[in-house]
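I have placed the structure first, in the form of structure tokens, so that the comments after it can refer back to it.
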Amino acid sequence: MTAASDWFAACYERALATGRRRFLDSVIGPVEIVADPDCPEGINWPPHHVRPEPAAPVSVTVAVTREPAPGQISASLASARTQRSRLHRRGAFPLRWLPGQPWIARYDDGPLVLRDGNRILLSEIPGGNTSTWLNRVLREVFIHGGRRHGFRLCHAAIVDVAGRGLLITGPSGAGKTDLALKLARQLPARVVTIDRGIIGHDKDHLVAGTLPFGMNIHHDTLRDLGCNDVLLSRYPPINGKHYLPAADAIRHCRIRLVPRTRVHGLVQLAPAAATTQWHGLDAAGLARTLHAADTAGTDPGYQTDWLGLSADEALAPFQPSRATTGWTLHYRPGRPLPHAWLGDIAQTLGAETPNSSGPLPPHDE
């Protein structure tokens, strides 16, 4: 491991001394990205998530280098001591790693990754895929590194209404994405995430954050938002959903994104009733809604040994803050939002009351 440690330190210090630096806002604090001068630009985040200087102490630094690793490192990763991902063929990238310090691993057909504490080095990225692999590594940093800060994955759409977060839960297909994007247009609100997010406690507040690399949006939702066939043809659908990079989602869906928000409201989506209706959630209902959104114990993307962190620790259930308000909403994607409920949301979370719940204006190219 001496060769790995020495090479790690040399590349890391050289990147810090001569590389381009960016600071990404995130739910676990600023994440620093620093790349060798000859590395291609790899940050593919919305511009307002990226700062020239950190707003708070940096939580994680990710350095990117084009310098190939010494042969001893590749040989070590091919030895019998290496371990393989338990989630191969279950949606996770194939990965093998060598126990020890610093933690060292290689993705199959992908880059080399080393970690020493809160410092990460990314090297030997396949040609032309810097942004893709950097985003993949950052996703793991937020998911698994967030554990150290008490954060974990949630299955929910999250919007920010006048600085107060609204977490929308429900099973797949219930309309979380549809509702979040329409709320963002009609209240107006800002989108934190539309499918997977990160939740945790910051002092006595429940906080939610995003993995803002792109959005999987159902075809019918995009049509309801006014996106035309010319736009949709640029992003071939997979299982009925179009993947839009974050910058394109902002431009074409006319939404704004923020990296984190304090959660003040919960919405539990239920199958549409004959008459659209909603009712408030009591304290027990709020706790159940949060528990349903928490996927730390079931999501395969969380149950890995990525970054050398154990996934076996017991996690206490999240509890809503005392000021949290919640609703159960009977909703069917594609239908207009109930105007009275929108008014209730706006009044509770301090937004302007929307003037209309009718169809949204078309999107013009």
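All heavy atoms count here, side chains included; hydrogens, waters and symmetry mates do not.
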For A184 and V191, the nearest pair of non-hydrogen atoms, with its separation, is CB-CG2, 3.7 Å
Residue set satisfying side chain to side chain donor-acceptor pair (under 3.5 Å) with W327, at least two apart, ordered chain then number -> D344
Residues at least two apart in sequence or cross-chain that pass ring-ring contact (aromatic ring centres under 6.0 Å, His included) with H291, listed by chain then number, are none
(Q) Ring centres under 6.0 Å, that's the criterion: do Y331 and W278 meet it? (A) no
Taking everything shown except D282 itself, do over 12 heavy atoms lie less than 6.0 Å from its CG? yes
Residues pairing under side-chain hydrogen bond (donor to acceptor under 3.5 Å, both in side chains) where one sits in residues 157-167, two or more places apart or in two chains, turn out to be D160-R190, D160-T261
**Asked** So do the side chains of L222 and H242 get within less than 4.5 Å of each other, counting heavy atoms only?
**Response** yes
Review point. In terms of side-chain heavy atoms, does Q268 have a donor or acceptor partner in T328 at a distance below 3.5 Å?
Key: yes
Across all chains, not counting sequence neighbours, the side-chain contact (heavy atoms from CB on, under 4.5 Å) partners of P171 are A174
Within a strict 4.5 Å, meaning less than it, do heavy atoms of the P237 and Y243 side chains meet?
no
Heavy-atom donor-acceptor pair, K176 side chain to G170 backbone, under 3.5 Å: yes
For T324, the side-chain contact (heavy atoms from CB on, under 4.5 Å) test, sequence neighbours excluded, returns L266, L286, P320, S321
Please table the atom pairs, donor to acceptor, closer than 3.5 Å between any side-chain atom in residues 10-17 and protein atoms at least two apart or in another chain.
from	atom 1	to	atom 2	distance (Å)
R14	NH2	E67	OE1	2.1

Only one of V113, D116, L114, L121 passes side chain to side chain contact (heavy atoms under 4.5 Å, CB included) with I104, and that residue is L114
Q) Would you say the side chains of S76 and R81 form a donor-acceptor pair under 3.5 Å? A) no
Quick check: do D109 and P126 have side-chain heavy atoms less than 4.5 Å from each other? no
If you define the side chain from C-beta out and look only at heavy atoms, does anything of I28 sit under 4.5 Å from F151? yes
Taking every heavy atom of A55 against every heavy atom of P30, the minimum-distance pair comes out as N-CG, 4.2 Å
